[in-house]
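Data block below; observations after.
Below, read A as the first sequence line, B as the second, and so on, with proteins coming before strands; counting in each chain starts at 1. Worth saying up front: this structure is predicted, and the values here are computed from it rather than measured.
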Amino acid sequence: MAAIPADLAPTNTPTWPTSVDGCRVPFEVFTSPAYYAREQAAIFQGPVWCFVGLECELPTPGDFKSTFIGDTPVIVTRDADGGVNVLQNRCAHRGALVCREPRGNAKHLECVYHQWAYDLRGKLQSVPFRRGIRGNGGMPECFNLADHGLDALRVETLNGLVFASFSTTVEPLRDYLGSLVVQSIERLFNRPITVLGDQRQYVHGNWKLYAENTRDPYHASLLHLFHNTFGLYRSSQTGACKMDTSHRHTLLYAKAGTSDAKADSAVYKDSRSLNTAFTLQDPSLLAGRQEFDDGVTLVILSVFPNLVVQQIANTLAVRHIVPQGAGAFELVWTHFGYADDDADMQRIRLKQSNLIGPAGFVAMEDGEAVEIVQRAVLRATGKHSYIAMGGGRAEDAEHLVTESAIVGFWESYRTLLGIVALQS
Amino acid sequence: MADVLNFTTLSAVELQHHVEYLLARYVHCIDDDELERLPDFFTDDCVYQVIARENADRNLPLAAIYCASKGMLCDRITALRHANIYERHRYRHVVSSVLVTGITTSSAHVKSNYVVYRTRTNGVSELFNAGTYLDTIVVDGRLLFKEKRAIFDTNRIDTLLVTPI
């Protein structure tokens, strides 16, 4: 038990047993405020790169966006020289939020409390009454503007995705992501993109339940009946589940049209989820174009800890996970197309956008799945989940009947939190 | 009324009555869970959209729900009845401040406010979605929505949105 960090001691020191028959995760990890606080420090402010936005959200100098890394508020800015900056959204004076708008354009960032003003790189520019008024007040002689800027984070970009880190020791972004993720991002972000809009979904569950969900091809055709019903995704399709060498990131992909409808009837005979009797009255919903030469029609790329990049048919989106306490998170979906999309392609993307997001035919259930776990594990002290489909080890699979990437996620999680699993 | 209804010859009171009557029947159809009838409030070439204000205000096209035809609306209902998984719930719409903003002989542009309370199985009624309807109403034997945009202020959707607004 010594492996449990001291600040987790009040949580009754849950055990993390490992055994040959699969992976077990103590349910307290989804409900414990101590775990949550530890994650904010050891993961979101630890040696990782967190997604904060897309460069095309900030096309012009002065553009800013306020967002979160974990639950810490940050501001993403485009400075006068075209650089992207990520700053903590907390005034160096008395700690107030400096940026109170979700997005906008400004010459500088000014705290409303006492009008301390910062440039777009976070450098403090001016302080009202710095020299006092008629000889009264004023800041001390030793006060130096340069010592009181907004805290700036490390920033790196990859093909228009902006990542930031609190860590001074984390490896460069490309090394952190690894070649699997880098190649997947280069494939989807192969040319300039245009944002089609955002969607925000509030889920009453722990953020890690969503991290599991997006690394889980097992559930996709069983929970999301629309997938199956209309052949968008079936576990019998050609696909794979791959991880980077650290097992923290996951690529799931599938190719539609690679399964046999008749054989699928046998595959799904024990489930409620294959009903091919339904047809669309307006099939233009699913009419699309083959956009990629590799034939891959579904990509779910989970980038540890807070990003999912997706291609489902012709819908393209990034999903930004924002934890809000142990029992809730916000999921921000930013849908995009390519800047060179013709009008027809944009119509296709907008119709297919019905598939994803909080009202999406193949996505809405994920919020529900997270919540029914959260509600059930509230007092499951000493109990564990059991993750074994596909063998229960963090290994790549050339198929979609696996939970192996979830195991990989928990390995990374335990490493960052300093938890050693117990052999049983 | 219907066959010979001409918006421009109606009195303001009559027009207001016809519009409010349509809106009332529409929201009762949803709140009474008679969703199979919902597409019948729309023209075949309708546009029905439930879109976040943060997108509408930026002229971004992405909607939470986007139906570009009556058929797509029918498919929404089929999916929620037979494919999608969600907690059983009921809506209660409150519509107010119905304002006719423009008319031609055959169409009326109408703006109204709405709030939707959602009650799930735990019995708690929560304000789920607040916004404004921007409707284009036409006459085709009866009053129908040619376009219905629900622009919601509640940018953050709680859990999921499956039942039309």
Side-chain angles (χ1 to χ4, degrees), chain A residues 102-103 194-205 222-230 272-273 275 277-286 317 330-337 346-347 349-354 357-372 375, chain B residues 39 44-89 120-122 124 126 128-129 150-165:
Chain A
R103 58 181 72 81
T194 309
V195 169
L196 299 174
D198 294 318
Q199 300 211 65
R200 298 172 195 276
Q201 180 175 15
Y202 187 79
V203 181
H204 303 257
L222 299 169
L223 176 69
H224 305 302
L225 272 57
F226 192 93
H227 256 323
N228 238 5
T229 303
F230 298 105
R272 57 174 158 71
S273 60
N275 186 338
F278 296 109
T279 53
L280 292 172
Q281 289 201 22
D282 187 343
S284 73
L285 172 71
L286 297 179
E330 183 172 328
L331 194 57
V332 184
W333 305 66
T334 302
H335 299 232
F336 61 91
Q346 191 178 99
R347 267 193 296 276
R349 292 199 206 284
L350 292 175
K351 283 189 180 181
Q352 289 190 4
S353 68
N354 282 292
F361 287 130
V362 302
M364 68 171 79
E365 290 96 353
D366 290 322
E368 182 77 8
V370 164
E371 293 189 6
I372 59 177
R375 281 151 62 185
Chain B
D44 289 345
D45 63 347
C46 70
V47 172
Y48 170 72
Q49 201 181 35
V50 182
I51 184 169
R53 178 164 299 284
E54 71 168 333
N55 291 338
D57 284 352
R58 288 183 291 162
N59 290 316
L60 294 179
L62 184 86
I65 296 177
Y66 169 53
C67 298
S69 69
K70 186 175 176 178
M72 285 181 77
L73 196 50
C74 294
D75 293 334
R76 269 271 162 196
I77 307 303
T78 304
L80 78 85
R81 290 292 194 220
H82 300 288
N84 290 127
I85 307 285
Y86 52 90
E87 186 176 342
R88 186 165 53 78
H89 63 275
R120 294 199 264 193
T121 53
N122 65 2
V124 178
E126 292 166 307
F128 174 61
N129 196 277
I151 302 175
F152 56 93
D153 305 335
T154 318
N155 280 325
R156 195 173 78 174
I157 291 173
D158 190 76
T159 309
L160 59 84
L161 167 65
V162 61
T163 305
I165 297 286

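- For the set Arg76(B), Glu87(B), Lys70(B), Met72(B), the count of heavy-atom pairs under 4.5 angstrom toward chain A peaks at Arg76(B).
- Ranked by heavy-atom pairs under 4.5 Å with chain B, the list Leu280(A), Val203(A), Asp198(A) is led by Asp198(A).
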Test log, rule side chain to side chain contact (heavy atoms under 4.5 Å, CB included), inputs Gln346(A) and Leu196(A): CA-CA 9 Å; Gln346(A) 191 178 99; Leu196(A) 299 174; 3.9 Å; yes
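- Both the backbone and the side chain of Gln201(A) have a heavy atom closer than 4.5 Å to some heavy atom of chain B.
- Chosen from Ala63(B), Ala83(B), Gly71(B), the residue pairing most often with chain A at heavy-atom distances under 4.5 Å is Ala83(B).
- In this structure, no portion of Val332(A) lies under 4.5 Å from any heavy atom of chain B.
- In terms of heavy-atom pairs under 4.5 angstrom with chain A, the leader among Asn84(B), Leu160(B), Asp158(B) is Asn84(B).
- Looking only at heavy-atom pairs under 4.5 Å with chain B, the residue among His204(A), Arg349(A), His224(A) that has the most is His204(A).
- Contact detail for Pro358(A) and Gln199(A): the closest heavy-atom pair is CD-OE1, 3.5 Å.
- Chain B forms more heavy-atom pairs under 4.5 Å with one residue of Arg103(A), Glu330(A), Glu371(A) than with any other, namely Arg103(A).
- Using a 4.5 Å cut-off between heavy atoms, Arg347(A) does not touch chain B at all.
- Within the 4.5 Å cutoff, the side chain of Phe128(B) has no heavy atoms near those of the Thr159(B) side chain.
- Across every non-hydrogen atom of Leu225(A) and His82(B), the tightest pair is CD2-O, 4.3 Å.
- Judged by distance alone, the side chain of Asn354(A) and the main-chain N or O of Lys351(A) form a donor-acceptor pair under 3.5 Å.
- The side-chain heavy atoms of Pro164(B) and Ile77(B), taken from C-beta on, include a pair separated by under 4.5 Å.
- Closest heavy-atom contact between Ala359(A) and Ala64(B): CB-O, 3.5 Å.
- Most heavy-atom pairs under 4.5 Å with chain A, from the set Asn55(B), Leu161(B), Asp75(B), Leu60(B): that is Asp75(B).
- Listed by chain and residue number, nothing satisfies the ring-ring contact (aromatic ring centres under 6.0 Å, His included) test with Tyr66(B) (two or more places apart in sequence, or in another chain).
- Counting heavy-atom pairs under 4.5 Å between each of Thr194(A), Leu350(A), Val370(A) and chain B puts Leu350(A) at the top.
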